[in-house]
**Q** 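Have a look at this one.
Side chains are part of it too, since the values below use all heavy atoms of this structure and drop only hydrogens, waters and symmetry mates. Naming convention: chains lettered A, B, ... in sequence-line order (proteins, then strands); numbering from 1 in each chain.
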Amino acid sequence: MSEPAVEVKNLTKVFSLGLKKDYVVAVDNLSFEVKAGEVYGLIGPNGSGKSTTMKVVLGLMAASKGSAKVFGLDSGDIRARNEIGFLPENPYFYKHLSGAETLRFYGKLCGMKGAALKDRIGELLKLVDLEGAANRRLGGYSKGMLQRIGLAQSLIQNPRLVILDEPTAGVDPVGSRQIRDLIMRLRDEGYTVFLCSHLLEQVQEVCDRVGIIFKGRMRREGTLDELIEIENQTSMTIENATPELIAEINELIRSRAGARVVEEGHSRTSLEHLFIQIAERSREEKS
Amino acid sequence: MSDTPNAPAESAPRTTPRGAGKSVPIFSIGRVYTIASSTVTQLVRMKTFYFLLAFALVVVAVGNFNIPATPAKELSMIKKVAFGTMDIFAWLFAIVATALLIPKDVEDRTLYTILSKPVRRIEYLLGKLGGVLSVIAISLVAMYAICAVVIFSRESLFVAAEYDSMKASGQYTAAEIEEQLSLIQQQGLRAELGIAVLASFFKASVVAAVTIFLSTFASSSLFTIIVSILLFLIGHAHHMASSFWLDESGNSVVVQMMVKVIKILIPNYQLFSFSEGIVQGEAVVAALVWQMGGLTAGYLVVFLLLSLLVFVDKEF
Ligand SMILES: Nc1ncnc2c1ncn2[C@@H]1O[C@H](COP(=O)(O)OP(=O)(O)OP(=O)(O)O)[C@@H](O)[C@H]1O
Ligand SMILES: [Mg+2]
């Protein structure tokens with residue numbers, strides 16, 4: 001039962017750009033696992049190789065080196081795709097199809113038919129709250145609606161693993177809230193979710209484990225608590241502190257041997273904090 | 001691996017069983033059919049069939065021109081216009097539709113979602129080809145029906161008028177009248193015309209397969225369309241082109257081999273031109289029809305295999 005949903009081992013992906021000498025290393029010796037039943041978030045800035053990693057996992061691209069497996073099957077294996085639902089970044093579907101027709105199309109591609117397919121379409125339309133727009137053509141859908149029909153499409157054959165590439169990109173706060181609630185619901189229902197994003201607060205909210213990727217390399221990985229916690233440091237969040245109180249506290253700390261104030265200021269999202277630290281470190285490495 | 005046992009009872013829209021490694025057939029006609037029929041829907045909703053309306057108007061208009069010509073000549077002209085239009089529609093549509101649809105799927109990332117379902121790439125290509133060819137077949141049959149009605153109505157009108165006037169003049173024997181009428185009927189509606197439509201269809205399917213091959217590696221639709229049309233034109237001068245190059249390359253084996261390969265890669269569209277004779281009332285040579293069918297099948301297989309060769313390892 002402990003077979004990982006996704007297993008990426010020493011994955012390297014190099015794109016050559018026209019001339020042989022010119023190349024981009026999009027993913028650089030990347031290894032990680034997504035365990036069955038968890039929500040795993042890959043976060044990193046634009047161009048860090050998130051989408052590329054997902055495409056290799058899906059078998060849309062071949063790895064230059066290393067391997068990617070889905071439930072123990074090679075990612076190129078067509079059987080692996082029975083187990084995966086995929087929502088690409090900024091998805092477009094056939095504009096000439098309605099929401100229900102879109103789901104029917106993808107269901108048939110998965111070999112579904114008849115009443116089972118019809119029921120499933122109904123369920124999913126309800127799940128993503130598009131029952132009212134089921135018979136409208138996608139050409140008239142808003143960005144948030146497209147994203148939700150895309151999510152429904154990815155779930156059509158009831159896969160065990162759902163891969164979402166920036167599921168909330170370009171969606172307003174309300175729509176993004178809806179999508180995050182859906183992801184949490186999927187986890188409760190036993191789906192494994194592998195998503196990527198650069199919206200840290202959102203990742204922090206839905207993910208069990210997070211990997212931070214920069215320039216194609218994994219910089220930090222772990223459960224949220226692990227990542228955020230710094231063992232020998234304690235932070236306090238104080239409301240309505242007067243300057244006098246803070247001065248007093250500082251004085252008290254200074255009087256104890258070994259203790260010092262590392263940082264003082266308004267509290268912020270800790271994952272964001274970590275992210276920026278890593279970004280700074282990797283910039284220093286470069287220069 | 002079984003379902004997660006602790007899923008909340010009230011949730012779970014769970015209709016299909018899950019299981020890794022659930023077998024996927026090596027090839028599924030069902031998936032090809034799904035992609036083909038969605039392609040047909042797409043083309044229909046792009047209002048392709050309005051072309052048929054325009055076609056009907058043209059044919060009816062030409063049929064009702066009162067040109068000073070013999071009945072046989074007039075029928076022949078209607079056929080020339082109608083079958084010429086059908087032929088151009090078929091190959092041009094094959095090129096444009098094929099060249100637009102596949103790159104559009106890539107650009108819109110629709111292809112990602114299709115290929116991330118258990119769909120093989122050959123199934124996708126066959127589905128697209130099948131969809132485009134179905135639309136062409138339906139259009140050709142409809143156009144053929146439209147012109148059959150026009151030709152038949154003009155023909156019976158002419159035959160009746162000719163018979164009446166010859167009979168009335170009283171100078172002709174029954175045999176002479178019969179001969180004159182059969183001259184008109186030869187240019188009228190005859191079953192052989194169907195072979196000409198079939199030739200247009202076969203030509204269009206080869207054109208579509210070539211275009212699919214080009215669009216598997218071309219980076220833009222425009223490039224694909226231009227190169228396809230170029231190959232189409234060269235393919236019509238196949239004899240001339242190949243004899244020219246073969247003469248020039250009497251020297252080395254390598255060059256000769258290359259010419260042979262190029263000769264195969266540029267389909268010989270002259271194969272299909274015998275249908276022009278059929279339209280003009282010539283007899284059908286069965287051997288030519290068989291040759292056309294066989295070579296069409298051959299070209300389809302070759303170009304689909306070549307496309308697959310490129311497409312199987314293509315990265316998106
Ligand atoms: N097909 C391609 N050809 C050449 N280079 C590519 C290709 N696809 C991606 N790259 C390069 O690989 C790197 C990683 O791209 P990728 O799309 O995986 O980033 P990402 O993390 O998904 O970024 P974003 O947050 O902007 O979506 C980039 O430098 C990009 O330019
Ligand atoms: Mg991306």
**Q** Would one find more than 12 heavy atoms of other residues, nucleotides or ligands at under 6.0 Å from atom OH of B:Tyr33?
**A**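 No.
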
**Q** Report, as yes or no, whether the 6.0 Å neighbourhood of atom NZ on B:Lys314 holds more than 12 heavy atoms from other residues, nucleotides or ligands.
**A** yes

**Q** Counting only heavy atoms closer than 4.5 Å, note whether A:Leu97 contacts chain B via side chain, backbone, both or neither.
**A**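 The answer is both parts of A:Leu97.
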
**Q** Which bit of B:Asp105 is near chain A, if near means a heavy-atom gap under 4.5 Å: side chain, backbone, both or neither?
**A**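 Interface part for B:Asp105: side chain.
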
**Q** Relative to chain B, which segment of A:Asn90 carries a heavy atom at a distance below 4.5 Å: side chain, backbone, both, or neither?
**A** both

**Q** Say you draw a straight line from NE2 of A:His96 to CG of B:Leu43; how long is it, rounded to the nearest 0.5 Å?
**A**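 The CG atom of B:Leu43 is 8.5 Å from NE2 of A:His96, to the nearest 0.5 Å.
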
**Q** Nearest 0.5 Å, please: how far is CE in A:Met61 from OH in B:Tyr112?
**A** 6.5 Å

**Q** By a 4.5 Å heavy-atom criterion (distance strictly below it), what part of A:Leu58 contacts chain B: side chain, backbone, both, or neither?
**A**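 Looking at A:Leu58, just its side chain touches chain B.
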
**Q** Which bit of A:Arg104 is near chain B, if near means a heavy-atom gap under 4.5 Å: side chain, backbone, both or neither?
**A**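 Neither part, no heavy atoms under 4.5 Å.
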
**Q** Is B:Glu315 reaching over with its side chain to a backbone N or O of A:Leu60, donor-acceptor style, under 3.5 angstrom?
**A**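 The answer is no, because no donor-acceptor pair under 3.5 Å joins these two groups.
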
**Q** Measure B:Arg121 against the heavy atoms of chain A and call it side chain, backbone, both or neither at under 4.5 Å.
**A**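 Interface part for B:Arg121: side chain.
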
**Q** I'd like to know whether NZ of A:Lys143 has more than 12 heavy-atom contacts from other residues, nucleotides or ligands below 6.0 angstrom.
**A**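 Counting other residues, nucleotides and ligands, NZ of A:Lys143 exceeds 12 neighbours.
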
**Q** For the interface with chain A, which of B:Asp108, B:Thr113, B:Thr41 has the highest count of heavy-atom pairs at distances below 4.5 Å?
**A** B:Thr113

**Q** Are any non-hydrogen side-chain atoms of B:Glu107 and A:Tyr92 less than 4.5 angstrom apart?
**A** no

**Q** For the interface with chain A, which of B:Arg109, B:Lys104, B:Lys117 has the highest count of heavy-atom pairs at distances below 4.5 Å?
**A**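 If we count pairs closer than 4.5 Å to chain A, B:Lys117 comes out on top.
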
**Q** Would a 4.5 Å heavy-atom cut-off, applied to side chains only, mark B:Ile114 and A:Tyr106 as touching?
**A** yes

**Q** Compare every heavy atom of B:Pro118 with every heavy atom of A:Asn82, then report the nearest pair and how far apart it is.
**A** OD1-CG, 3.2 Å

**Q** Nearest 0.5 angstrom please: A:Met112 CE to B:Thr34 OG1, how far?
**A**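 If we round to the nearest 0.5 Å, A:Met112:CE and B:Thr34:OG1 are 12.5 Å apart.
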
**Q** Could you walk me through whether A:Glu101 and B:Arg45 pass salt bridge (Lys or Arg N to Asp or Glu O under 4.0 Å), step by step?
**A** CA-CA 13 Å; A:Glu101 283 170 334; B:Arg45 293 191 181 168; 3.1 Å; yes

**Q** Backbone N or O of A:Lys108 within a donor-acceptor pair of the B:Arg31 side chain at under 3.5 Å?
**A** no

**Q** Distance check, rounded to the nearest 0.5 Å: A:Leu109 atom CG versus B:Ser38 atom OG?
**A**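 Going from CG on A:Leu109 over to OG on B:Ser38, the span is 8.0 Å.
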
